[in-house]
Amino acid sequence: MNPLRKRGSSNDPSSITLGSSDLGRCYPARNATQNSGQDGEELACRWLRRSGYRIVGRNLSLPTGEIDILARRGRHYCAVEVKARRDHPAPERCVTAKQLDRIERSLRRIEPSLRPRPRELRIDVITVRWQQHGCCDPKTADLQHFSGYRYCATVAGGMGYSRNPHARRTRSPNYRVTSLRLSQPMITLAEQMIPRRKLLLLFSETLLFVAVIIIGTSVPPLSTNSFLLLEPSIELWRGMLTSLTIAIICQASLSYNELYDWKVSQNRASLANRLVHSYGYALVMIGFLALYAGSLFYLPGLSDLNSETWKLILLVGIAFVLLFIYRHAFHWFFYKWRFGERVIVLGSSPEALTLSRMIQDNPMAGFEMLGIIEEVGQPPLAKRDTDPPMIGTLECLQTMCRDEGISRVIVALKERRGKFPNDTLLKCRMDGVIIEEKDAMYERLTGKLAVESMRPSYLIYGRGFTKAPLTLALKRVIDILASVVGVVVSLPICILAVLAIKLSSRGPIFFLQERIGADGEPFRLIKFRTMRQDAEANSGPVWAAKNDDRVTPVGRFMRLARIDEIPQFFNILSGQMSFVGPRPERKHFVDQLQQDIPFYPLRHTVKPGLTGWAQVSHPYGASIEDAQEKLRYDLYYIKNMTLLLDVSIILRTVAVIMRGSGAR
């Protein structure tokens, strides 16, 4: 290697600028007469700082050994051994295994006290070869950085190490970023509906239920059939399928009791009570399924499942007890080690403070809120003691991202005009940091759009609002099939509803009302009548109120059970409505809401639905504020409309009906 030399005054060490273009070059030392080891360490520190590292400590003397330089980039720590030599052709070969062992023991000793907690610990070697060609020439050095001489910890945080005494024998300095960040510039629907940490919880609990049932019935003392659990066979797969079915039933009961809602499940006082209720609901559902489809159940370790049902009840109970312990361990683990994606919010707007609180209060979303970067020239935010801290200003954004291992910056600026930090954000983006608008994070956390603060450009340039012909065709097929099945299944209920309406009050059986459909076209909505005939004779169009005196006693029950909505299957069959979509509203209210709420006409770009994302996510609306809140959910649905989301809404609708919530 013939490195290029940079010559300069020995009294001006700062005259040389180190950067990525300086790879393999020579750098002047501070003073030719000073100790070469100290000069070598100084050059190494300058190189590390300009490579994005933060110097944590120098010349750390511990009983187990000495660390020349301790540096970190984000949560990746490295103990740097500096070898400064004049005549040795390869100073890195002077590093012995005993030296590496001592440095490793020192790292192990200080690891518990490092903050932020290390994701990786490794040993690097920086070699400095002094060169001086004449008595009048300034002293120069050839610096090389060998990254990853030995790794002392894994990403999972467990201490262990791999010996690699001569890793990366490259002749040029190494400028390698050891942590790979997978760029996620767009929001995926799966991430919206089920946050990553909740998805991990669902999957792990499914494995727990399956393991308890299949192992518990296949080994003594509960097993009555000799069965080889570890040998693949048809019986094993049938048993696994039965165990998976039981696991899904148990998890459905957990979901019904809101135990996958983070704010509910983190309440330890009610966790045990809700688990007991879930256990009871699961046994009831398993009992019904076994009664009407008992042939589907098969567990190879039990000779007669009908006579050994108590074993299944016992195992499901054991699984719920283990689930109680696992929930505590799961939450402790993620709180203790904080494996979330590190996030900071940029801005001094009220939305920045609100969003930072939301991220902090929703740990199941998989984000770790580090703090807020303030805007220059803006008044301070009105913070509470529990709010995320203010950690700096815009000037330190790139340094903060590098030093703290930030994965995502949320932009929530109060003033954008002429002050948008394009250069700073572009530098962060080139470092692999995801730059995201506040609206995208709000959408991910809440499942709705912030219509009151959202800019039209987010809707125009953002992802979503795709209406693929295949998706629309399949959606129409599902609408027809679901409506036909709904009419046939609900026919006995409809007959009883007709008799109850005629016997309880005067007036027609059906209630026809004009509603606004797709593209603003009016249509006649069909419902069972639940109010007295002259309900709006004096008041005109008004929203239904809680305990509305216009509702008949029979109508109140029909509204609670959603029986009054059954005739809308005929609106779906005629193509005026869809099974899932925004609920249709009356023209009187539409005209009023379009004036008061931005983006309200956008909800008429799709067919209205019998049920919708707003109906399963928000209680009954009877005001302009409620209509605005429901519009947030409706626009989210229109933006992310897929068959998967439709199925999710239908399943959640069933749960809402069973609870009897949201009706008036």
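Every value quoted in this text rests on a predicted model; they were computed, and no experiment measured them. Residue indices begin at 1 and follow the sequence shown.
Each of Phe320, Tyr279, Phe203 was scored for a ring-ring contact (aromatic ring centres under 6.0 Å, His included) with Phe209, with one residue passing: Phe320. The residue from Leu651, Ile650, Ile657, Thr611 that alone fulfils the side chain to side chain contact (heavy atoms under 4.5 Å, CB included) condition with Val616 is Thr611. Put simply, the residue from Ile373, Thr424, Ile344, Asp431 that forms a side chain to side chain contact (heavy atoms under 4.5 Å, CB included) with Cys401 is Ile344. Exactly one of Lys475, Arg476, Arg652 qualifies for a salt bridge (charged side-chain N to carboxylate O under 4.0 Å, His left out) with Asp646. That residue is Lys475.
With rounding to the nearest 0.5 angstrom, the CD atom of Gln576 is 10.5 Å from the CZ atom of Arg524. One distance of note links CD1 of Ile597 with CG of Leu631; it measures 6.0 Å at 0.5 Å rounding. The structure places CD of Glu514 at 13.5 Å from NE2 of His588, a figure rounded to the nearest 0.5 Å. Put simply, CG on Leu643 and CG on Leu470 are 8.0 Å apart, with the number rounded to the nearest 0.5 Å. Summarising the geometry, atom CD1 belonging to Ile501 is positioned 4.0 Å from atom CE belonging to Met558; distances are rounded to the nearest 0.5 Å. The distance from atom CD of Glu351 to atom OH of Tyr442, rounded to the nearest 0.5 Å, is 10.5 Å.
Side-chain contact between Glu368 and Val343 is absent, with no heavy atoms from C-beta onward closer than 4.5 Å. Side-chain atoms of Ile435 and Cys428, non-hydrogen and from C-beta on, do get closer than 4.5 Å to each other. Side-chain contact between Glu341 and Ser407 is present, with at least one heavy-atom pair separated by less than 4.5 Å. In this structure the side chain of Gln513 reaches within 4.5 angstrom of the side chain of Arg586, judged on heavy atoms. Side-chain contact check for Pro582 versus Tyr633: every heavy-atom pair is 4.5 Å or farther apart. Using a 4.5 Å cut-off on side-chain heavy atoms (C-beta onward), Lys639 and Leu449 make contact. Side-chain contact between Ile410 and Leu346: absent, with no pair of heavy atoms (C-beta onward) separated by less than 4.5 Å. Counting only heavy atoms from C-beta outward, the side chains of Arg327 and Leu275 never approach each other to under 4.5 Å.
Using modelled atom types, one side-chain atom of Thr552 and one backbone atom of Gly555 make a donor-acceptor pair closer than 3.5 Å. A donor-acceptor contact shorter than 3.5 Å links the side chain of Arg429 to the backbone of Val433. In this structure a side-chain-to-backbone donor-acceptor pair under 3.5 Å is missing from Ser617 to Ala614. The closest donor-acceptor contact from the side chain of Ser349 to the backbone of Ala352 lies under 3.5 Å. Proximity of a side-chain donor or acceptor of Arg583 to a complementary backbone N or O of Gly609 within less than 3.5 Å is detected. Put simply, the side chain of Ser504 never gets that close to the backbone of Val554: no donor and acceptor are under 3.5 Å apart. A donor-acceptor pair under 3.5 Å links the side-chain atoms of Lys607 to the main chain of Gly575, judged by distance alone. For Arg562 (side chain) and Leu560 (main-chain N/O), a donor-acceptor pair under 3.5 Å exists by modelled atom type. Proximity of a side-chain donor or acceptor of Thr242 to a complementary backbone N or O of Arg238 within less than 3.5 Å is detected. Side chain of Asp479 to main chain of Leu573: no donor-acceptor pair is present (N/O by atom type, distance under 3.5 Å, no hydrogens or angles).
The neighbour count for Phe557 CZ, taken as heavy atoms of other residues, nucleotides or ligands under 6.0 Å away, does not exceed 12. The number of heavy atoms from other shown groups lying within 6.0 Å of CZ (Phe570) does not exceed 12. Leu491 CG: more than 12 foreign heavy atoms inside a 6.0 Å radius.
Heavy atoms only, all atoms of each residue included: Ala440 and Tyr458 are closest at CA-OH, 3.3 Å. Nearest heavy-atom pair, Gly239 versus Ile214, reported as atom, atom and distance to 0.1 Å: C-CD1, 3.8 Å. The two atoms that bring Gly347 and Ile372 nearest to each other are O-CG2, 3.4 Å, heavy atoms only. The minimum heavy-atom distance between Leu208 and Ala319, with the atom names listed, is CD2-O, 3.6 Å. Smallest separation of non-hydrogen atoms from Val580 and Gly612: CG1-CA, 4.5 Å. Residues His604 and Gly520 come closest through the heavy atom pair CB-N, 4.0 Å.
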Checklist line | salt bridge (charged side-chain N to carboxylate O under 4.0 Å, His left out) between Glu585 and Arg603, intermediate numbers included | finding: CA-CA 10 Å; Glu585 196 53 82; Arg603 71 191 305 271; 5.9 Å; no
Margin query: Between Glu436 and Val411, does the side chain to side chain contact (heavy atoms under 4.5 Å, CB included) criterion hold? Intermediate values first, please.
Written below: CA-CA 6 Å; Glu436 190 172 65; Val411 180; over 6 Å; no
Margin query: Could you go through Leu512 and Leu525, starting from their C-alpha distance and side-chain angles, then the distance that decides it, and tell me whether this counts as side chain to side chain contact (heavy atoms under 4.5 Å, CB included)?
Written below: CA-CA 6 Å; Leu512 303 179; Leu525 182 77; over 6 Å; no
Item checked: Step-by-step side chain to side chain contact (heavy atoms under 4.5 Å, CB included) determination, Ile286 to Ile246 -> CA-CA 7 Å; Ile286 293 172; Ile246 295 172; 3.7 Å; yes
Item checked: Step-by-step side chain to side chain contact (heavy atoms under 4.5 Å, CB included) determination, Arg532 to Arg506 -> CA-CA 8 Å; Arg532 61 176 186 266; Arg506 296 179 181 181; over 6 Å; no
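For the pair Arg529 and Phe511, the NZ or CZ position fails the cation-pi test of under 6.0 Å to the six-membered ring centre and within 45 degrees of the ring normal.
Under 3.5 Å, the side chains of Ser278 and Ser253 contain no donor-acceptor pair of N or O atoms. For the 3.5 Å distance criterion, the side chains of Thr206 and Gln251 qualify, holding a donor opposite an acceptor. Counted by atom type alone, Asp564 and Thr530 present zero donor-acceptor pairs between their side chains at under 3.5 Å. In this structure, a donor-acceptor pair under 3.5 Å is present between the side chains of Asn640 and Glu443.
A salt bridge links Arg632 and Glu452; the closest N-O separation between the charged side-chain nitrogens and carboxylate oxygens is under 4.0 Å. Salt-bridge formation is not detected for the pair Glu565/Arg559: no Lys NZ or Arg NE/NH1/NH2 atom is positioned less than 4.0 Å from an Asp or Glu carboxylate oxygen. One finds no salt bridge joining Asp634 and Lys630 here, because no Lys/Arg side-chain nitrogen approaches an Asp/Glu carboxylate oxygen to under 4.0 Å.
The aromatic rings of Phe528 and Phe510 sit parallel, their planes meeting at an angle under 30°, below the 60° perpendicular limit. Aromatic ring pairs are classed by plane angle as parallel below 30°, tilted from 30° to 60° and perpendicular above 60°; the pair Phe330 and Tyr326 is tilted.
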